[in-house]
Amino acid sequence: MDELFKKQVYQIIRLIPEGRVTSYGAIAKAVGYPNHSRHVGNVLRNYGDDFPAHRVCNSCGHITASCLRDFVGKLAKEGVEVKDNRIQNFRNIFWNPLIEL
DNA sequence: ACTCTGACGACTG
DNA sequence: CCAGTCGCCAGAG
């Protein structure tokens with residue numbers, strides 16, 4: 001896995017506005033690796049809790065993070081409603097790094 | 001070199 | 001909307 005890839009992923013995630021979310025696949029595309037959605041999640045795992053990983057979920061708006069920590073709480077704090085690991089209103093708050101960047 | 005695994009995704013019914 | 005299936009690629013063992 002390229003260091004560049006990680007760096008790009010980190011960069012993109014830092015740019016996600018508060019109260020918005022995006023998906024692993026969207027990030028992967030944005031950094032030029034269309035089929036590396038899984039690795040985006042893997043990169044996130046490494047960086048830990050010090051950056052807004054809670055603003056990233058899968059393309060269905062479903063939070064699949066095994067460790068779930070505070071994600072729901074943090075999201076709620078930013079105005080993102082989550083119910084049963086599912087992001088409510090996902091379609092509206094989705095932030096596309098390719099278009100809105 | 002091979003097999004399993006995984007914070008995933010697109011398609012189909 | 002939900003479940004099943006297949007494709008994807010880098011790490012770990």
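As the structure is a prediction and not an experimental result, all values here were calculated from the model. Because only heavy atoms are used, hydrogens play no part in the values below, and waters and symmetry mates are left out as well, while side chains stay in. Lettering of chains follows the sequences in order, A, B, ..., and the numbering in each one begins at 1.
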Reading DNA chain C from 5' onward, which residue's closest nucleotide shows up sooner: A:R86 or A:D2?
A:R86
Whole Å only: how far is the CG atom of A:N46 from the C1' atom of B:dG6?
14 Å
Euclidean distance, atom CG of residue A:N85 to atom P of C:dC2 [Å, nearest integer]:
13 Å
Under 4.0 angstrom, heavy atoms only, what part of the nucleic acid is A:A28 near: base, sugar-phosphate, or nothing?
nothing
My understanding is that only residues two or more places apart in sequence, or in another chain, count here; which of them pass salt bridge (charged side-chain N to carboxylate O under 4.0 Å, His left out) with A:E81?
none
Would you say that more than 12 heavy atoms from the other residues, nucleotides or ligands in this model lie under 6.0 Å from the CG of A:D84, or not?
no
d(A:L101 CG, A:N96 CG) to nearest 0.5 Å is 9.5 Å
Counting only pairs under 3.5 Å, give me each side-chain donor-acceptor contact of residues 14-31 of chain A, with atom names and distances, residues two or more places apart or in other chains.
| unit_1 | atom_1 | unit_2 | atom_2 | d |
| --- | --- | --- | --- | --- |
| A:R14 | NE | A:Q11 | OE1 | 3.3 |
| A:R14 | NH2 | A:Q11 | OE1 | 2.3 |
| A:R20 | NE | A:I93 | O | 2.9 |
| A:R20 | NH2 | A:F94 | O | 2.9 |
| A:R20 | NH2 | A:E100 | OE2 | 3.2 |
| A:T22 | OG1 | A:W95 | O | 2.8 |
| A:S23 | OG | A:A26 | N | 3.2 |

Between C1' on C:dC2 and CG on A:D84, what's the gap in Å once rounded to a whole number?
15 Å
Heavy-atom closest pair (A:F90 atom, A:C57 atom, distance to 0.1 Å) is CE1-SG, 3.5 Å
Which residues in residues 4-23 of chain A have a heavy atom closer than 4.0 Å to any atom of DNA chain C?
none
Rounded to the nearest 0.5 Å, the SG atom of A:C60 sits from the CG atom of A:N85 at a distance of 13.0 Å
Decide whether A:F5 and A:Y47 are clustered together by the hydrophobic rule: side chain heavy atoms of Ile, Leu, Val, Met, Phe, Trp, Tyr closer than 4.5 Å, transitively.
yes
Would A:N89 and A:V80 satisfy side chain to side chain contact (heavy atoms under 4.5 Å, CB included), going step by step from the backbone distance to the final call?
CA-CA 8 Å; A:N89 219 9; A:V80 178; over 6 Å; no
From CG of A:D70 across to C1' of B:dA7 the rounded distance in Å is 16 Å
Listing time: all N or O pairs from protein to nucleotides 7-10 of chain C that are below 3.5 Å?
| unit_1 | atom_1 | unit_2 | atom_2 | d |
| --- | --- | --- | --- | --- |
| C:dC8 | O2 | A:R38 | NH1 | 3.2 |
| C:dC8 | N3 | A:R38 | NH1 | 3.1 |
| C:dC9 | O3' | A:H36 | NE2 | 3.4 |
| C:dC9 | O2 | A:H39 | NE2 | 3.1 |
| C:dA10 | O4' | A:H39 | NE2 | 3.0 |
| C:dA10 | O3' | A:M1 | N | 3.2 |

Numerically ordered, the residues 91-101 of chain A set in heavy-atom contact under 4.0 Å with DNA chain C is none
What is the distance from OH of A:Y24 to P of B:dA10, rounded to the nearest Å?
14 Å
Can you check whether A:K29 has a side-chain N or O nearer than 4.0 Å to OP1 or OP2 of B:dC8?
no
I need the CZ-P distance between A:F90 and B:dC8, as an integer number of Å.
13 Å
Looking at CD1 of A:I12 and NZ of A:K7, how far apart are the two atoms once the value is rounded to the nearest 0.5 Å?
13.5 Å
Rounding to a whole Å, what distance do you find between A:H62:NE2 and C:dC2:P?
10 Å
Tabulate below the donor-acceptor pairs under 3.5 Å that side-chain atoms of residues 37-44 of chain A make, not counting sequence neighbours, or state none.
none

Please report the distance, rounded to the nearest Å, between CG in A:N58 and P in B:dC8.
6 Å
